[in-house]
Amino acid sequence: MKLFSPAKINLFLRVLKKREDGYHELASLFQAVSLGDTLHFSLSETDHFTCNDPLIPTGADNLIWKAVALFRKKTALSFGLTVHLDKKIPMQAGIGGGSSNAATTLWALNELHGKPASRQLLQQWAEEIGSDVSFFFSQGTAYCTGRGEKVQNLKPLQGNLWLVKPAEGLSTPLIFKNLDLKSCAPDDPLELLKQERFFLNDLEEPAFKVMPSLMELKKELLSQGFSAVCLTGSGTGILCQGLQAPCVRLPTVAYPLTFVSREEKAWYNALS
Ligand code: C5P
């Protein structure tokens, strides 16, 4: 079984408060995009994992194997799985590559076993893997709250953006640790949603504090004439709105993004 595993972007991301459990309460508009990995799955005698990118961890830490372990625990099914991951989503970009792979794995395992779980149940199980995993069971455009796992499916949005990704990555926990809640935007996220006011991210300030070169990159992109330039997730990916391609120098890479959605009973497709 071959499945596309899309990345996500945050069209806006507001952090509302710090919770007792250490997580932060978010309100964010998530969108699935055409930049994605391809995953190949087959049931086998034992577990086996290969990947085109030697930097990807292959062990139990990889969210793909966390999804496999969770599916085994929830269903009590016993099986071996062979997985090949064709990685295109850059790591530590704030675009949910690992989370998407985990969601795609849950979906694939459910299909390969004759659909023992409903889509809703898979989405609920996904919360146990990470805050962003449940989003990928939406239809591609969703308003996410709680720690990100409360997903309200919205009418699909259409759009095209650029993602600029410098070589360095950022760790999500480090960015949340550097967040100063007092300097977060006052805007009501429901108003942002209603008025389609995008490109506001409360994680931008702590990301710029931890990596000042990222703020320089934003300034440089703004000087190139984009109508909006904004960090996605906890970075280091930067979204740019505009028709012309961003002018960047290697190792920084610019990726064109198209918004994608899926039918209710199908998984996401790669755009050809
Ligand atoms: O849920 P996930 O494992 O993806 O989160 C990684 C880390 O990011 C958490 O351990 C926490 O430090 C931070 N985080 C947060 N608030 C959220 C989501 C993530 O503080 N809503």
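Read the numbers this way: they start at 1 and go in the same order the structure lists the ligands and their atoms.
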Exercise. Counting only non-hydrogen atoms of the protein, does one fall under 4.0 Å from atom 6 (C) of ligand 1?
Worked result: no

With atoms numbered from 1 as shown, which atoms in ligand 1 lie under 4.0 angstrom from a non-hydrogen atom of [X]?
X	result
Arg147	1 (O), 17 (C), 18 (C), 21 (N)
Pro173	7 (C), 12 (O)
Thr172	8 (O)

Exercise. Are Arg197 and Phe12 in a cation-pi contact, defined as NZ or CZ under 6.0 Å from the six-membered ring centre and within 45° of the axis?
Worked result: no

Exercise. Just wondering, are more than 12 heavy atoms of other shown residues or ligands nearer than 6.0 Å to CD in Gln158?
Worked result: no

Seminar exercise, completed: If you compare His24, Glu128, Lys18 by their heavy atoms, the one closest to atom 16 (N) of ligand 1 turns out to be His24

Exercise. Is it the side chain, the backbone, both or neither of Tyr23 that has a heavy atom closer than 4.0 Å to ligand 1?
Worked result: both

For this session: Quick one: list whatever passes side chain to side chain contact (heavy atoms under 4.5 Å, CB included) with Asp180, sequence neighbours left out.
Result: Lys182, Ser183

Seminar exercise, completed: Nearest non-hydrogen protein atom to atom 13 (C) of ligand 1, with distance, is Phe176 CD1, 3.5 Å

For this session: Keeping the roles fixed (side chain from Arg262, backbone from Glu264), state whether a donor-acceptor pair exists under 3.5 Å.
Result: yes

Problem set entry | N/O separation below 3.5 Å, Ser131 to ligand 1 | yes

Exercise. Do Val253 and Pro90 have side chains that get closer than 4.5 Å, going by heavy atoms?
Worked result: no

Seminar exercise, completed: Test side-chain contact (heavy atoms from CB on, under 4.5 Å), reference Thr258, set Leu161, Leu35, Leu271, output is Leu271

Exercise. Are any of the heavy atoms in Asp132 under 4.0 Å away from ligand 1?
Worked result: no

Problem set entry | Pairs flagged by side chain to side chain donor-acceptor pair (under 3.5 Å) wherever residues 29-42 is involved - sequence neighbours left out | Gln31-Thr141, Asp37-Lys87, Asp37-Asn101

